[in-house]
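Contents: one structure, followed by commentary.
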Amino acid sequence: QVQLVESGGGVVQAGGSLRLSCAASGRTFSSYAMGWFRQALGKEREFVAALSTIGGMTYYRDSVKGRFTISRDNAKNTVYLQMDSLKPEDTGDYYCAAGDRPSTYGNSYDYWGQGTQVTVSS
């Protein structure tokens, strides 16, 4: 079992930055690929970014490339999502997830956090 707890959400003006954190406990964190997803009000959950276990391969949805950066600190059992140049369309609940391999599909992940809310005002 892996428990995931997100933090770092909040309200920010367009163009601003936030850093989300996802702290993991349970089985060896470094053995899991990690992903970030988001869900805006009334919309379906969508993939944001993912990070492999070995090699540090990263994957991003097109709309966040160049603005968001996913990273991990295995010593701290934490994965981060640095979000810069935020836009109102980035607003939503952000969830981290852990699984065996990085994927853009939420069903590929076995464990999920409860989410942290991000609001970007125009």
Side-chain angles (χ1 to χ4, degrees):
Q1 280 281 17
V2 175
Q3 292 78 43
L4 303 173
V5 179
E6 303 94 337
S7 62
V11 180
V12 63
Q13 287 189 333
S17 298
L18 283 174
R19 188 177 79 157
L20 305 183
S21 299
C22 174
S25 61
R27 287 182 57 188
T28 305
F29 171 73
S30 61
S31 68
Y32 285 96
M34 301 299 296
W36 284 97
F37 290 75
R38 67 187 181 191
Q39 187 168 20
L41 190 64
K43 295 186 177 180
E44 293 186 353
R45 182 181 63 192
E46 63 183 20
F47 166 76
V48 176
L51 178 63
S52 65
T53 54
I54 300 174
M57 294 296 293
T58 57
Y59 309 85
Y60 298 95
R61 71 179 296 107
D62 286 345
S63 63
V64 308
K65 285 180 180 177
R67 300 189 297 121
F68 289 13
T69 304
I70 186 171
S71 62
R72 67 193 301 162
D73 185 337
N74 288 335
K76 295 183 178 180
N77 282 9
T78 302
V79 63
Y80 304 98
L81 185 67
Q82 177 67 40
M83 306 187 296
D84 299 318
S85 302
L86 282 161
K87 303 176 180 180
E89 51 263 43
D90 295 318
T91 294
D93 294 324
Y94 281 69
Y95 300 87
C96 70
D100 291 332
R101 63 185 65 84
S103 174
T104 61
Y105 296 98
N107 290 342
S108 296
Y109 295 87
D110 300 312
Y111 304 101
W112 291 82
Q114 293 191 335
T116 185
Q117 190 172 55
V118 172
T119 302
V120 184
S121 61
S122 57

Looking at [X] and [Y], what are the two nearest heavy atoms and their distance?
| X | Y | result |
| --- | --- | --- |
| Ser17 | Asp84 | OG-OD1, 2.7 Å |
| Ala40 | Thr91 | CB-O, 3.7 Å |
| Ser122 | Pro88 | CB-CG, 3.8 Å |
| Ala33 | Thr53 | N-CG2, 3.2 Å |

Query raised in the report: Are Val64 and Val79 grouped together when hydrophobic residues (ILVMFWY) are joined by side-chain heavy atoms under 4.5 angstrom apart?
Result: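 Shared cluster, yes.
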Nearest 0.5 angstrom please: [X] [atom1] to [Y] [atom2], how far?
| X | Y | atom1 | atom2 | result |
| --- | --- | --- | --- | --- |
| Tyr94 | Leu18 | OH | CG | 9.0 Å |
| Leu20 | Thr78 | CG | OG1 | 12.5 Å |
| Gln82 | Ile70 | CD | CD1 | 12.5 Å |
| Cys22 | Tyr111 | SG | OH | 13.5 Å |
| Trp36 | Arg61 | CH2 | CZ | 15.5 Å |
| Thr58 | Phe68 | OG1 | CZ | 14.0 Å |

Enumerate, atom names and distances included, each donor-acceptor pair closer than 3.5 Å involving a side-chain atom of residues 42-51, sequence neighbours excluded.
{"from": "Glu46", "atom 1": "OE2", "to": "Arg38", "atom 2": "NE", "distance (Å)": "2.6"}
{"from": "Glu46", "atom 1": "OE2", "to": "Arg38", "atom 2": "NH2", "distance (Å)": "3.0"}

**Report entry** Summary of disulfide bond (SG atoms under 2.5 Å apart) pairs that have at least one residue in residues 57-94, sequence neighbours excluded
**Finding:**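 The answer is none; no pair qualifies.
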side-chain hydrogen bond (donor to acceptor under 3.5 Å, both in side chains) with [X]: which residues, sequence neighbours excluded?
| X | result |
| --- | --- |
| Gln39 | none |
| Thr69 | none |
| Gln117 | none |
| Ser71 | none |

Query raised in the report: Just wondering, more than 12 heavy atoms not from Gln114 lying within 6.0 Å of its CD?
Result: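 Result for CD/Gln114: open.
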Query raised in the report: Going by the salt bridge (Lys or Arg N to Asp or Glu O under 4.0 Å) test, which pairs reach into residues 64-82, not counting sequence neighbours?
Result: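 Applying salt bridge (Lys or Arg N to Asp or Glu O under 4.0 Å) to every pair that reaches into residues 64-82, excluding sequence neighbours, yields Asp62-Lys65, Arg67-Asp90.
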Side-chain donor-acceptor distances from residues 95-105 under 3.5 Å, at least two apart:
{"from": "Ser103", "atom 1": "OG", "to": "Tyr105", "atom 2": "N", "distance (Å)": "3.0"}
{"from": "Ser103", "atom 1": "OG", "to": "Ser108", "atom 2": "OG", "distance (Å)": "3.2"}

Requested in this report: Using the test salt bridge (charged side-chain N to carboxylate O under 4.0 Å, His left out), find all partners of Arg19 that sit at least two apart in sequence or belong to another chain.
Outcome: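 Expected list: none.
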Query raised in the report: Quick one: salt bridge (charged side-chain N to carboxylate O under 4.0 Å, His left out) partners of Lys87, sequence neighbours excluded?
Result: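 Partners of Lys87 by the salt bridge (charged side-chain N to carboxylate O under 4.0 Å, His left out) criterion come out as none, since no residue qualifies.
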Query raised in the report: How would you list all residue pairs meeting side chain to side chain donor-acceptor pair (under 3.5 Å) that involve residues 5-16, not counting sequence neighbours?
Result: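 Non-adjacent pairs meeting side chain to side chain donor-acceptor pair (under 3.5 Å): zero.
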